[in-house]
Amino acid sequence: MKTPRKETKIRTIYLRIYVDGIPKETSTKRKWDMGRWDQKAERATGNKEDARTINFFLDSLVTKFNQCTNELLYNQQTVTTQKIMDAMLGKTIPRNKVLEEFQLHNDEVLALVPTEFAIGTHERYVTARAHVQEFMRFKYNIEDIEFRELSYEFVKDYEFYLKAVRKCSNNTTLKYISNFKKIVLRAIDKDIIEADPFKRFKGTTPCNLEANVF
């Protein structure tokens with residue numbers, strides 16, 4: 001409880017979060033009698049129903065804090081007071097999806113035809129996106145995937161799919177993978193993801209970088 005400007009027994013309960021010594025606080029929008037409050041335990045005292053209710057609410061905030069922190073760690077994001085507080089207040093972590101970002105990229109390329117890109121460039125990216133989508137359906141039976149779920153294994157399986165199922169040559173396969181990698185690097189630049197699933201991927205350098213994309 002914070003000390004109000006005007007002395008009163010009924011005060012607002014605040015939530016304060018610390019990460020690496022950096023604080024961030026917000027009102028819980030709950031008020032309580034200071035005479036029935038244990039400042040050290042940060043809980044209401046007594047066994048009355050209203051005390052049990054407020055303490056249950058405060059315990060739920062601690063649970064939510066732990067969930068938000070684990071979510072950040074799972075998404076391989078740096079844990080900060082601001083990110084936790086945003087999550088606590090319902091400003092959820094964006095879960096950007098691969099094909100959605102791919103489509104956004106392709107729309108931007110199309111908008112710059114013919115001033116900056118040739119129509120053929122847009123068509124190649126449309127085809128590249130279609131192949132990633134077909135791979136997701138073939139391998140995982142899904143329509144899209146979140147960037148945070150991408151992995152080195154996903155990239156290797158996509159390479160195998162292009163060669164074994166689509167019967168693409170090595171040069172054409174690497175061209176498709178290069179198109180896909182551009183979308184992933186774009187997501188990294190936009191802070192959508194931090195880890196690069198292509199980091200350990202090594203393919204044979206194509207002899208013809210202008211290989212046709214089918």
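Since we're looking at a predicted model, the values are computed, not measured. Position 1 is the first residue of the sequence; numbering continues from there.
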Undergrad: Would you name the heavy atoms of I13 and I54 that are closest together and state the gap between them?
TA: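 Residues I13 and I54, closest heavy atoms: CD1-CG1, 4.0 Å.
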Undergrad: Do T121 and R124 pair up side chain to side chain, a donor and an acceptor below 3.5 Å, judged on atom types alone?
TA: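 Note: T121 and R124 side chains meet the donor-acceptor criterion.
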Undergrad: Where is the tightest heavy-atom contact between Y14 and T12, given as atom of each residue plus distance?
TA: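 Closest approach of Y14 to T12, heavy atoms only: CD1-O, 3.5 Å.
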Undergrad: Within a radius of less than 6.0 Å around CG of D38, do more than 12 heavy atoms belonging to other residues, nucleotides or ligands occur?
TA: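 Yes, because the 6.0 Å sphere around CG of D38 holds more than 12 heavy atoms from other groups.
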Undergrad: In terms of side-chain geometry, is the basic nitrogen of R11 or D33 positioned less than 4.0 Å from the acidic oxygen of its partner?
TA: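 Salt bridge flag = no for D33 with R11.
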Undergrad: In Å, rounded to the nearest 0.5 Å, how long is the span from NE2 of H122 to CG of L112?
TA: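 Rounded to the nearest 0.5 Å, the NE2-CG separation comes to 11.0 Å.
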Undergrad: Please check if the number of heavy atoms outside D107 that lie under 6.0 Å from its CG is greater than 12.
TA: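 Check passes, neighbour count above 12.
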Undergrad: For the CZ atom on F138, are there more than 12 heavy atoms of other groups (residues, nucleotides or ligands in this structure) within a distance under 6.0 Å?
TA: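 Atom CZ in F138 is not crowded, with 12 or fewer foreign heavy atoms closer than 6.0 Å.
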Undergrad: Do T173 and K163 meet the criterion of a side-chain donor-acceptor pair at a distance under 3.5 Å?
TA: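 Absent: no donor and acceptor within the cut-off.
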Undergrad: For D20, does the CG atom sit with more than 12 other heavy atoms under 6.0 Å from it, leaving out its own atoms?
TA: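 Atom CG in D20 is not packed in, count stays at 12 or less.
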Undergrad: Can a salt bridge be assigned to the pair K156 and E153 using a cut-off of 4.0 Å between side-chain N and carboxylate O?
TA: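 Looking at K156 and E153, the cut-off is not met.
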Undergrad: Will you find, in the side chains of Q82 and D86, an N or O donor that is under 3.5 Å from an N or O acceptor?
TA: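 Their side chains do contain a donor-acceptor pair, which is all the 3.5 Å distance test asks for.
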Undergrad: I'd like to check the salt bridge (charged side-chain N to carboxylate O under 4.0 Å, His left out) partners of K48; sequence neighbours left out, ordered by chain and number.
TA: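 Listed in chain order: nothing, the list is empty.
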Undergrad: Ignoring hydrogens and angles, state whether a donor on the side chain of T172 or S169 is under 3.5 Å from an acceptor on the partner side chain.
TA: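 Yes, a side-chain donor-acceptor pair sits under 3.5 Å.
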Undergrad: Examine F198 together with F180 and report whether their ring centres are nearer than 6.0 Å.
TA: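 Ring centres of F180 and F198 closer than 6.0 Å.
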Undergrad: Assess R148 against Y74: is NZ or CZ under 6.0 Å from the centre of the six-membered ring, and within 45 degrees of the ring's axis?
TA: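 That pair does not qualify as a cation-pi contact.
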Undergrad: Can you list the residues that meet the side-chain hydrogen bond (donor to acceptor under 3.5 Å, both in side chains) rule with T26, with sequence neighbours excluded?
TA: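 With neighbours one apart ignored, the set is empty.
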Undergrad: Are there over 12 heavy-atom neighbours, none belonging to F160, within less than 6.0 Å of that residue's CZ?
TA: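 No.
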Undergrad: So does Q39 have more than 12 non-hydrogen atoms from other groups sitting under 6.0 Å from CD?
TA: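 Yes, enclosed.
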Undergrad: Determine, for E49 against R52, whether the closest basic-nitrogen to carboxylate-oxygen distance falls under 4.0 angstrom.
TA: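 Result for this pair is yes, salt bridge flagged.
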